[in-house]
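This report refers to the structure that appears directly beneath it.
Values below: all heavy atoms of this structure, side chains included; hydrogens, waters and symmetry mates excluded. For this chain, numbers begin at 1 and follow the sequence in order. What you see is a predicted model, and the numbers here were worked out from it, not measured in a lab.
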Amino acid sequence: MQRINVDVVLGLVVLACALVAVVIWIPNDTGSGIVESVRGRYSIGDALAPTVAFAILGLAGAALLIESRRKKPTGQLSSRNLAFIGFMLLIYLAAILVMRWTGPALASIAAEGSYRELRDTLPWKYLGYVAGGTLMVSVMVSLVERQFTGKALLIGVLASLLMAMFYDLPFDDLLLPPNGDV
């Protein structure tokens, strides 16, 4: 009988999280379905992007489970692994908080009117997403390089700005996260 190894546990956790997100979280948290039909015209629904993202994660978890049957375990779960996971969760939490509060905080200081009125106009619609994305990406690049550099910061800014533009430019009525909740 094969022992349960780290790859099996990780694959099961990723697969379970993806299933919970696709079946429970996304349908209950989005305003529309994957594809919407209004007067015979189809458009992308609010649930499409997160459903695709979690489906890809689910496939990755399933692939990890399949691969774990063919090879020997890659390692053991240690306290250092758990500390690293905890640190990464703190980075994500900090990035999400920066993403959520950058726009409203700057709008309260520098703009007339509420952030809710400004959230779909330049530069306000990009501020939170780019600030939080920059924090997340630059800190992760710095972890890999074991030092914080200007290059890591530039990669963070460019990556988050390009992702924001990739999501925002093709769609007329899309609000970047977290602007839909503000």
How long is the straight-line distance from CD1 of I91 back to CE of M140, given to the nearest 0.5 Å?
7.5 Å
With a 4.5 Å cut-off on side-chain heavy atoms, are L82 and S79 touching?
no
Any link between L135 and Y129 through a network of hydrophobic side chains (Ile, Leu, Val, Met, Phe, Trp, Tyr) touching at under 4.5 Å?
no
Identify the two heavy atoms, one from T149 and one from S142, that lie closest to each other, and give their separation to 0.1 Å.
N-OG, 4.3 Å
How close do I26 and A47 get, heavy atom to heavy atom, and via which atoms?
CG2-CB, 3.6 Å
Inspect the surroundings of CZ in F148 and state if more than 12 heavy atoms from other residues, nucleotides or ligands are less than 6.0 Å away.
yes
Please check this pair: side chain of Y115 against backbone of W101, looking for a donor-acceptor N/O pair closer than 3.5 Å.
no
Within 6.0 angstrom of M165 CE, more than 12 heavy atoms from elsewhere
no
Give me the atom names and distance for the closest heavy-atom approach of T102 to G128.
CB-CA, 4.0 Å
Which value, rounded to the nearest 0.5 Å, describes the distance between K151 atom NZ and L158 atom CG?
12.5 Å
Identify whether V139 and Y92 are in the same connected component of the hydrophobic contact network (ILVMFWY, side-chain heavy atoms under 4.5 Å).
yes
Joint hydrophobic cluster, L10 plus V8, side-chain heavy atoms closer than 4.5 Å:
no
Spacing of I155 atom CD1 and T134 atom OG1 [to the nearest 0.5 Å]
11.5 Å
L15 versus G58, closest heavy-atom pair with distance:
CD1-O, 3.4 Å
Any donor-acceptor pair under 3.5 Å linking the side-chain atoms of Y126 with those of D168?
yes
Ring pair (Phe, Tyr, Trp, His ring centres under 6.0 Å) partners of F54, counting only residues at least two apart:
W25
Looking at CD of E112 and CG of L118, how far apart are the two atoms once the value is rounded to the nearest 0.5 Å?
10.0 Å
Is there a path of hydrophobic side-chain contacts, each under 4.5 Å between heavy atoms, that joins L169 and Y167?
yes
When you look at L64 and S68, which way does the side-chain contact (heavy atoms from CB on, under 4.5 Å) test go after all the steps?
CA-CA 6 Å; L64 190 57; S68 69; 5.7 Å; no
For the pair N81 and V6, evaluate side-chain contact (heavy atoms from CB on, under 4.5 Å) and give the outcome as yes or no after the intermediate values.
CA-CA 11 Å; N81 299 132; V6 180; over 6 Å; no
Given the rule that I, L, V, M, F, W and Y join up when any side-chain heavy atoms are under 4.5 Å apart, are M136 and L154 in one cluster?
no
Identify the heavy atoms of A152 and S138 that sit nearest to each other, and give their distance.
O-CB, 3.4 Å
T30 versus T51: any side-chain heavy-atom pair under 4.5 Å?
no
Kindly say whether V157 contributes a backbone atom to a donor-acceptor pair with the side chain of S160 at under 3.5 angstrom?
yes
Over all heavy atoms of both residues, which pair between A55 and V22 is shortest? Give the atoms and the distance, please.
N-CG2, 4.4 Å
